[in-house]
Amino acid sequence: MAMIEWLQFLVGAVLLLLGLGIFTVEMIGVYRFHYVLNRMHAAAMGDTLGIGFCLVGLIVMNGLNFTSLKLFLVVAFLWFSSPTSSHLIARLEVTTDTEKEKHYREVPLTELEEELSSCEEKDGMQEAKDFMTQDGSADRELRENLGQEA
């Protein structure tokens with residue numbers, strides 16, 4: 001019985017230390033980053049991972065009882081509410097940012113589709129060329145697609 005309690009304590013302590021380490025990384029990120037969305041990413045990491053690991057460590061240390069159930073419900077609430085609130089705040093920042101060109105570039109969907117189709121064509125042609133050079137005897141359709149004689 002004492003072995004199980006020590007194991008519970010060790011696993012809980014490791015989870016708490018892991019959570020505290022994530023909080024440390026979060027604090028460094030919040031103070032070092034200059035742009036608000038980068039700061040929000042660092043803070044959101046602490047909200048989801050740091051608090052999650054700390055509370056799961058407390059659940060493991062406490063054992064299975066009603067208090068553990070309450071701590072688990074807190075973890076579940078934070079995992080659902082933190083990303084939602086972070087998304088809304090980030091969206092507000094993007095829509096009200098006066099220096100958009102300084103932080104990011106908006107790309108129209110048509111430009112992305114054109115770039116994707118050109119990359120797919122290049123990759124398809126390159127794969128066919130690689131196949132023909134490796135094998136030496138490719139199918140007739142591949143040769144015709146590359147414009148070579150059969």
Side-chain angles (χ1 to χ4, degrees), residues 1-135 138-139 142 145-146:
M1 188 68 161
M3 184 68 163
I4 293 174
E5 290 175 1
W6 273 104
L7 187 62
Q8 264 184 321
F9 175 75
L10 287 176
V11 170
V14 167
L15 288 170
L16 279 172
L17 289 174
L18 190 61
L20 289 175
I22 291 172
F23 281 134
T24 304
V25 171
E26 171 197 2
M27 285 190 312
I28 292 169
V30 167
Y31 287 113
R32 295 233 21 227
F33 291 136
H34 299 291
Y35 185 49
V36 69
L37 293 180
N38 295 340
R39 289 181 180 183
M40 283 183 55
H41 176 70
M45 183 178 64
D47 284 348
T48 54
L49 286 177
I51 292 174
F53 277 128
C54 287
L55 290 178
V56 169
L58 291 175
I59 289 171
V60 169
M61 284 181 163
N62 198 23
L64 294 176
N65 55 25
F66 191 66
T67 305
S68 297
L69 175 66
K70 289 190 266 185
L71 287 172
F72 178 75
L73 291 174
V74 169
V75 170
F77 174 74
L78 287 173
W79 275 22
F80 284 115
S81 64
S82 178
T84 305
S85 61
S86 295
H87 176 77
L88 290 174
I89 294 170
R91 196 166 184 183
L92 176 69
E93 167 61 26
V94 167
T95 56
T96 60
D97 191 9
T98 57
E99 298 177 340
K100 291 182 180 182
E101 295 81 23
K102 182 178 177 184
H103 301 295
Y104 58 88
R105 177 175 74 95
E106 291 185 29
V107 179
L109 184 59
T110 56
E111 185 179 326
L112 288 174
E113 289 173 345
E114 290 171 2
E115 185 177 331
L116 180 64
S117 64
S118 68
C119 287
E120 287 175 350
E121 288 174 6
K122 287 179 189 175
D123 289 342
M125 296 296 279
Q126 186 62 39
E127 286 176 11
K129 286 180 183 177
D130 290 343
F131 177 73
M132 286 183 21
T133 56
Q134 289 174 359
D135 189 35
D139 292 332
L142 284 175
N145 286 339
L146 293 175

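Quantities reported herein were computed from a predicted structural model and do not represent experimental measurements.
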Leu64, CG atom: more than 12 neighbouring heavy atoms under 6.0 Å: no
Residues which pass side chain to side chain donor-acceptor pair (under 3.5 Å) with Asn62, listed by chain and number, not counting sequence neighbours: Asn65
Closest contact, heavy atoms only, Arg39 versus Phe33: NE-O, 2.7 Å
Non-hydrogen side-chain atoms of Phe66 and Leu69 separated by less than 4.5 Å: yes
Residue list, side-chain contact (heavy atoms from CB on, under 4.5 Å) with Ala90, at least two apart or on another chain: Leu37, Met40
Any residue meeting salt bridge (charged side-chain N to carboxylate O under 4.0 Å, His left out) with Glu113, in chain and number order, not counting sequence neighbours: none
Residues that Ser82 engages under side chain to side chain donor-acceptor pair (under 3.5 Å), provided they are two or more places apart: Asp47
Atom pair OG/CG of Ser68 and Leu73 - distance to nearest 0.5 Å: 11.0 Å
Thr48 side, atom OG1; Phe53 side, atom CZ - distance, nearest 0.5 Å: 9.5 Å
Show me, pair by pair, the donor-acceptor contacts under 3.5 angstrom made by side chains of residues 7-32, not counting sequence neighbours?
{"unit_1": "Gln8", "atom_1": "NE2", "unit_2": "Val60", "atom_2": "O", "d": "3.2"}
{"unit_1": "Thr24", "atom_1": "OG1", "unit_2": "Leu20", "atom_2": "O", "d": "2.9"}

Inter-residue atom distance Thr110.OG1 - Glu115.CD, 0.5 Å rounding: 11.5 Å
Student check: side-chain heavy atoms of Leu78 and Val74 closer than 4.5 Å: yes
